[in-house]
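Remarks on the structure that follows.
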Number of protein chains: 2
Amino acid sequence: MTGLTFNSWQAIQDEVMRRIHARVWPPGTVIPNEADLALEFGCARATVNRALRALAEMGILERRRKAGTRVALHPVSRATLDIPVIRQEITERGQSYGYQRLSCAILRPPAEIARTLWINPASDALHVSALHLSETRPFVIEDRWINLTTAPAAAAQDFETLSANEWLVVTIPYTHGSIRFTAAAATAQEAELLCTTPGAPVFVVERLTWDHERTVTLARLCYGPGYSITTGIGTPS
Amino acid sequence: MTGLTFNSWQAIQDEVMRRIHARVWPPGTVIPNEADLALEFGCARATVNRALRALAEMGILERRRKAGTRVALHPVSRATLDIPVIRQEITERGQSYGYQRLSCAILRPPAEIARTLWINPASDALHVSALHLSETRPFVIEDRWINLTTAPAAAAQDFETLSANEWLVVTIPYTHGSIRFTAAAATAQEAELLCTTPGAPVFVVERLTWDHERTVTLARLCYGPGYSITTGIGTPS
DNA sequence: GAGTGGTCTAGACCACGGT
DNA sequence: CCGTGGTCTAGACCACTCG
C-alpha cells in the first residue's frame, strides 16, 4: 500500500468511480470522509471536495453534513436538456425560420389556466397563439397565456412579427419554472395547422415560468409528427 | 462607490444575475475577468470562480481561456431530468410494481439495430421484451437489444422475474449514452399490451448506452396514454 | 507571447444535523 | 455536543487560446 497520489480532481473522481464499479464501495456504503480521503490520495481536502461534489451533482453520491457521503442506492440517469428559443431550434438545423401569428387577445382565462397561473379567475390575461414554421412547413404551435400582473408591458405588444417566445426572454426575466413533456392526439384544429390528421400523435411541451413568487407565462408547444428531443446522459453507476 | 463586499459565492452569483437582467451586461458582453471582479467584490478569486462556473454550467455565461467570460447570446432553458429505474418510477408514485416478461431470445438483429449498436450484422444479440405494470395496469413496454460482446453475462439470464432494466444497472456499468424522446402512434401489438387502441399516441423513450468505446444496450420504452415527464428549470436570463 | 480561466494547496471558520 | 461537509482565503502554477 504505497498509496499513489492523485493530484487532479478528475483523477480522484475516476478512482472513486472505479471503487464503486468494483464494489469496493457498494451502493449504500458510507465512504470515508473528505479529510481521510485527502490523506489517502495525497492531496488537499478541497480537491477531494471538488470531485465528490461533482459526483453528488450527477446523482451517484449522496452527501449530508455529519452523516457523511454514501453511494446512492438507486442509480438514476441524469440528463440535461437544453431548451432553446424556437427560432434557434430551427435555424440550428440549417433551416429557415418562419413565424405566423394566429391570435392575440386579452381574455378571461379558463378556470384551469387561471388556477395554474395563480391569477384571479375574474381578471384578464393575455392569450397569444402562433405557428412557427421550418422551411415553410409548420413546425410547432405555440399556445400561450401571459400573466399581465407580472408582465404588464405585454399588453402593448401585438406579437405580429415577433413571437411571444422571443419577446419574453429578452423582456421579462424569470427565476425558475417547470416543464412537462407528453404525447397527445392532435385535435382537429391542431391537425389542420400542422398539416396532419386529427388524432395523429403530437409531442407536447408545457412550460410554466415564475419570477420569484409570481407566475409569468404558461406555454403549450405542440410539435408535429416526427419531432424528437435528443440529449446525452452522464456517467452513473 | 464604496463597493459593498460580497463574501459568498451565492451573493456574487445573484449580483452577476442582477447585472445581466438590468442590462448592465447585455447578452454578448464580455464581463471583467475574475481577478478584477474579485477586487471589486472584495473576495478571493476562487470565490468569483465558483460563482461564474456555476452560471456557465447553467448556460448563462460562456467562458473561454484568454477570451474571457461573456453573457450567452441565446438564452436556453437548461433542465435536468432524472431518469430512474422503472420499478422506482412506479413505486415512488406509491403504486405497486408488476413485471411480466414477454420474450427473451438470442437473435440476428435487424440491420438498423445492428448499425446503432455498432455490431456485426451477421452476429447475434440478445433481445428482451417485457411489460412493466403499475397496480396491475400496463405502464410501459420495454423492448431491448443487448450487445453480447460487451455484456456476455446477459446470455445466461432469462429475465423471467428480474427486468433487464434492473439487471443491467447493477451488473454492466456504462460511462455515457444518449436518450431520445418522441411521440408515436401505438402499433396494433403495442395497443393491445397497453390496453389502448391502435394509433393512440404513446410516449417513446429510446436509450442507447456505452461503456467506453463499446455499446451496451439499446432500449425502447413505450409509455401508455397519459404518461408525462415533469421537471424544473433553472434561472436563465 | 501573454492574458485568462482552471486548478491545487494549506489552513481556517462556519452551519447543519446526527447522537 | 461535535463530526462532517460547505465554503472562503491568499497565493501559486498551469493550460489553453487568442491576437
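Every chain is numbered from 1 and lettered A, B, ... according to where its sequence line falls, protein lines coming before strand lines. Note that the coordinates shown come from a computational prediction; the quantities given were computed from them, not determined experimentally.
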Report the distance from atom [atom1] of [X] to atom [atom2] of [N], rounded to the nearest whole Å.
X	N	atom1	atom2	answer
B:Lys66	C:dG1	NZ	P	13 Å
B:Glu57	C:dG5	CD	P	16 Å
A:Asn33	C:dG17	CG	C1'	16 Å
B:Phe41	D:dT9	CZ	C1'	17 Å
B:Leu52	C:dT4	CG	P	14 Å
B:Phe6	D:dC8	CZ	P	14 Å
B:Glu34	D:dT9	CD	C1'	15 Å
B:Arg70	C:dG3	CZ	P	19 Å

- Residue that, paired with A:Asn147, satisfies side chain to side chain donor-acceptor pair (under 3.5 Å) out of A:Thr217, A:Thr209, A:Thr215: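 Running side chain to side chain donor-acceptor pair (under 3.5 Å) over A:Thr217, A:Thr209, A:Thr215 with A:Asn147 returns exactly one hit, A:Thr215.
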Side chain of [X], heavy atoms from C-beta onward: which of [options] has the nearest atom to it?
X	options	value
A:Trp9	C:dT4, D:dC2, C:dT7	C:dT7
B:Arg45	C:dC16, C:dT7, D:dT9	C:dT7
A:Ser8	C:dC8, C:dG3, C:dT9	C:dC8

- Query: When the nearest nucleotide of DNA chain D is assigned to A:Ala46 and to A:Ala35 on a heavy-atom basis, which residue is associated with the more 5' position?
  - Reply: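 Closest to the 5' end, via its nearest nucleotide, is A:Ala35.
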Does [X] put a side-chain nitrogen or oxygen below 4.0 Å from OP1 or OP2 of [N]?
X	N	result
A:Thr69	D:dT4	no
B:Arg63	C:dG6	yes
A:Asn7	C:dC8	no
A:Thr47	C:dT9	yes

- Taking the inter-plane angle between the rings of B:Phe203 and B:Phe181 on a 0 to 90° scale, is it parallel (under 30°), tilted (30 to 60°) or perpendicular (over 60°)?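 Geometry flag for B:Phe181 against B:Phe203: tilted rings.
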- For the residue pair A:Tyr97 and A:His132, does the interplanar ring angle fall in the parallel (under 30°), tilted (30 to 60°) or perpendicular (over 60°) class?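 Aromatic pair A:Tyr97/A:His132 classed tilted.
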With a 4.0 Å cut-off on heavy atoms, is [X] in touch with a base, just the backbone sugar-phosphate, or nothing at all?
X	value
B:Asn49	base
B:Arg64	sugar-phosphate
A:Arg50	sugar-phosphate

- Query: Strictly by modelled atom types, are B:Arg180 and A:Ser228 linked by a side-chain donor-acceptor pair under 3.5 Å?
  - Reply: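 Yes.
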- Which pair of non-hydrogen atoms, one from A:Ile12 and one from A:Ala51, has the smallest distance, and what is that distance?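 Looks like CG2-CB, 3.7 Å.
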- Any N or O donor-acceptor pair linking the side chain of A:Arg53 to the base of D:dT7 at under 3.5 Å?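 Side chain to base: no pair present.
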